[in-house]
Amino acid sequence: MKYLSLILGNLRRHKLRTALTLLSIIVAFLLFGYLAAIRSAFLAGIDVAGEDRLITRNKVSLINLMPMAHQAEINRVEGVDFATHNTWFGGIYQEPSNFFAQIVVVPEQYLELYPELELSDEDRQRWLETRTGVMIGKVLAERFDWKIGDKIPIMNPLWALKGGDRNWTFDVAAIYDAREQGIDTSQMFIRFDYFDEARQWGQGQVGWYVVRVDEPDRAGEIAAAIDAVFANSPDETKTEPEGAWYQGFANQVGNIGFIITAIVSAVFFTILLVAGNTMAYSVRERIGELAVLKAVGFTDGAVLGLVLGEALVITAIGGLIGLGLAWLLVAAGDPTNGAMPVFFISVRDLLLGGVLILALAFIAGIFPARTAQRLQVADALRR
Amino acid sequence: MSETAMASTQTTEPRPGNELLVDVRGVDKVFTRGSETVHVLGGLDLQIPKGEFLALMGPSGSGKSTLLNLVGGLDRPTEGSVTVGGQRIDKLSDRKLAGWRARHVGLVFQFYNLMPVLSARKNVELPLLLTKLSGKERRKRAELALEIVGLSHRLNHYPRQLSGGEQQRTGIARAIVTDPTLLLCDEPTGDLDRKSGDEILDLLQALNTEQGKTIIMVTHDQRAADRATRTLHLDKGRLSSEPQA
């Protein structure tokens, strides 16, 4: 701390240069934080996927349905605790841009499999008692200002009601929240009994199964056993861990993680050059002063530490302001007005930001710091 | 003190009886610049007793500053030994030498070499940052040093807000704040007008006579050298008591 006035004094030496460097670091970390939140949105589900949950779908493709009869056979596979089925509803509320996920489930079974969804006893009971009832996430409710008892009209290009009408109407019966960060609360869950009875075609057909296994360590073995049961049948299956399932969805958009990492890397490489250049100039223009420090007794290590300290202070100030601004922007809501299933900067990304601050400071500062460290005091004083 | 009186105190040999502080023996210093080798000092001997105010004179390039750097532990001899206060400093590691400088040497430069981004008080505090003193104690000592050099009214002024003489006083305060054994002054009046130069010399003389500081001062100015208790002339790497023809 006693060197802080010296470090801050040096940063105030060229206010415009320091301000511009600071600004570039702020922008880099703002971008990092914001892109991290977008990445979390695209990869929603992967991080919070249950280790004890598998997904079994039709081997041909996700859009091919499977018989409900598979459920009983899956439940008989050794190591399976129990399975439930889900079906993609795929309706449109008012206009396609209002997209949100709608999944048809068996309520009791689904809530049993996903204890991370927080639901009051009252809402749970109401949903179980309302055949046309839906359970919606908190973010979805806030997005469209829906409340318990509201009627939600959904037009569905996939599933028609008996008689051909494609306009379904549901009642908001329950609103769920997440017990942990990263859980998608932008979805709508429809009761299977009502859906199966009301739909025009496809009775007894479902989209995919969620399977809970007794021992997560044996998940791979159990997945293979499930697929073996349906091998050479008209509806062969492909079973994979829930995390891989979500990753598959994300990959349909592209390798989001790679794209974002590439953008952030390019930005940080540029900032590294900017910060490194600033530090190099800063050291070069005060060789004499650094020599004086050594002359009055500062060791080579102390001078190295001072220059690295300067790099750390400017990077830390810029990085923390940038991350703080990103946090505020992300807290203000996602840019799609609720279409992203989750939108937050995870603790892991904040820690990564901290590591990036340290790495940027070290890499930008180490070369000029080494120059300062190696400075021969008598030579430098003669210049 | 008049110039005549000052001149009368000058000797060419160390005062007998005083404890030896600086003992330079058989020192060579060779600089290599590319393919060129420059012999700056050759077989030089110098003994300086404690409490002496020694002026080193000589033409440019004669090796005065090099000798000062060797005695101050800022550079190492190519051959020979430099002993200060009984410590063979040319054999110390870089780290130990830095620590030794911090404890035993105060440096005053021709162009002051103050940190432009720090106030006078913070500049004077710089050498104290290397000690374990508290912030309050550092501040107190820096203020005392500035008071000694007559700048207690300029504590929070930055170098750009000070005159040349005031900047050099700040430099002297920085040099004495750790209460060093030895003050090394490299042309301390070289960048000052006559009045300011005289004030600085008065100050150095007071530090020598009243506080017993041993001072080695490099200068081109005979008037400055006249303030010293002994003057040596350095030319072509050799010391003598008289200017060489």
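Every chain is numbered from 1 and lettered A, B, ... according to where its sequence line falls, protein lines coming before strand lines. Because the structure is predicted, anything quoted here is derived from the model rather than measured.
If you measure heavy-atom distances from A:Asn10 to chain B, the contacts under 4.5 Å come from both the backbone and the side chain. For a residue to count as touching a neighbouring chain, one of its non-hydrogen atoms must lie under 4.5 Å from one of that chain's; by this rule B:Thr131 touches chain A with the backbone only. Looking at B:Leu118, the atoms closer than 4.5 Å to chain A (heavy atoms on both sides) all sit in the side chain, from C-beta outward. With a 4.5 angstrom heavy-atom cutoff, B:Leu107 touches chain A only via side-chain atoms. Only the side chain of B:Phe31 comes within contact range of chain A, with at least one heavy atom under 4.5 Å from a heavy atom of that chain. Only the side chain of B:Arg174 comes within contact range of chain A, with at least one heavy atom under 4.5 Å from a heavy atom of that chain. For chain A, the nearby part of B:Asp94 is the side chain; its heavy atoms alone come within less than 4.5 Å.
A salt bridge between B:Asp45 and B:Arg238 is absent, with no side-chain N of the basic residue lying under 4.0 Å from a carboxylate O of the acidic one. For the pair B:Asp23 and B:Arg88, the salt-bridge criterion is not met [side-chain N within less than 4.0 Å of a carboxylate O]. Looking at B:Glu125 and B:Lys140, no side-chain N of the basic residue comes within less than 4.0 Å of a carboxylate O on the acidic one, giving no salt bridge.
Judged by distance alone, the side chain of B:Thr214 and the main-chain N or O of B:Lys50 form no donor-acceptor pair under 3.5 Å.
The ring of A:Tyr34 has its center closer than 6.0 angstrom to the ring center of A:Phe343. Between A:Phe367 and A:Phe362, the gap from one ring centroid to the other reaches at least 6.0 Å.
Ranked by heavy-atom pairs under 4.5 Å with chain B, the list A:Val296, A:Val377, A:Val292 is led by A:Val292. Heavy-atom pairs under 4.5 Å with chain A peak, among B:Thr66, B:Thr178, B:Leu129, at B:Leu129. Counting heavy-atom pairs closer than 4.5 Å to chain A, the top residue among B:Pro127, B:Gly99, B:Pro116 is B:Pro116. Chain A forms the most heavy-atom pairs under 4.5 Å with one residue out of B:Leu130, B:Leu114, B:Leu97, B:Leu126, and that residue is B:Leu130. When each of A:Thr299, A:Asp300, A:Leu8 is scored by its heavy-atom pairs under 4.5 Å with chain B, the top score falls to A:Thr299. For the set B:Arg95, B:Met115, B:Lys122, the entry with the most heavy-atom pairs within less than 4.5 Å of chain A is B:Met115.
Atom CE of residue B:Met57 and atom NE2 of residue B:His220 lie 8.0 Å apart, to the nearest 0.5 angstrom.
Here the side chains of B:Thr181 and B:Val105 are not in contact, with every heavy-atom distance at 4.5 Å or above.
For A:Tyr3, the OH atom counts as densely surrounded, since its 6.0 Å shell holds more than 12 non-hydrogen atoms of other residues, nucleotides or ligands.
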